[in-house]
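Here the structure is a predicted model, which is why all the values come from computation and not from measurement.
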Amino acid sequence: MLGLLLNQKEVQEVEYMLKREMEEILLDLSDPRIDELVKRAMEEKYQIVFSIYKRLVTPKESVKYLLPRTRKKMQ
């Protein structure tokens, strides 16, 4: 396990980068031209990025970035 000390501005920048990455992956997941095997790998990457994002934001904010499949399971 690693620890990391960030000031508020750095936290905001990391949040921004994580959001951009998750939005990019979500956009690619909706592309029908991408193979299912590749999409599965992208979903795994998304889960890793999302787990990091969850550590920086409130649960209410993190719900916005749940994968659509995961969101259906929670309802």
Between Phe50 and Tyr46, how do the two ring planes meet: parallel, tilted or perpendicular, split at 30° and 60°?
parallel
If only side-chain N and O atoms count, and only distance matters, is there a donor-acceptor pair under 3.5 Å linking Glu23 with Tyr65?
yes
Glu44 side, atom CD; Ile25 side, atom CD1 - distance, nearest 0.5 Å:
11.5 Å
Please, which pairs that meet side-chain hydrogen bond (donor to acceptor under 3.5 Å, both in side chains) have at least one residue in residues 5-19, sequence neighbours excluded?
none
When rounded to the nearest 0.5 angstrom, what is the spacing between CE in Met22 and CD1 in Ile52?
10.0 Å
With hydrophobic residues grouped by side-chain heavy-atom distances under 4.5 Å, do Val49 and Leu4 end up in a single group?
yes
Please name the pair of heavy atoms, one in Asp28 and one in Met42, separated by the smallest distance, quoted to 0.1 Å.
CB-CE, 2.9 Å
Looking only at heavy atoms, the pair that brings Asp31 and Lys39 closest together is O-NZ, 3.0 Å
Using the side chain to side chain contact (heavy atoms under 4.5 Å, CB included) rule, take Leu26 and Leu67 through it: C-alpha gap first, then chi angles, then the decisive distance, then the call.
CA-CA 8 Å; Leu26 286 173; Leu67 279 174; 3.6 Å; yes
Distance check, rounded to the nearest 0.5 Å: Leu18 atom CG versus Ser51 atom OG?
9.5 Å
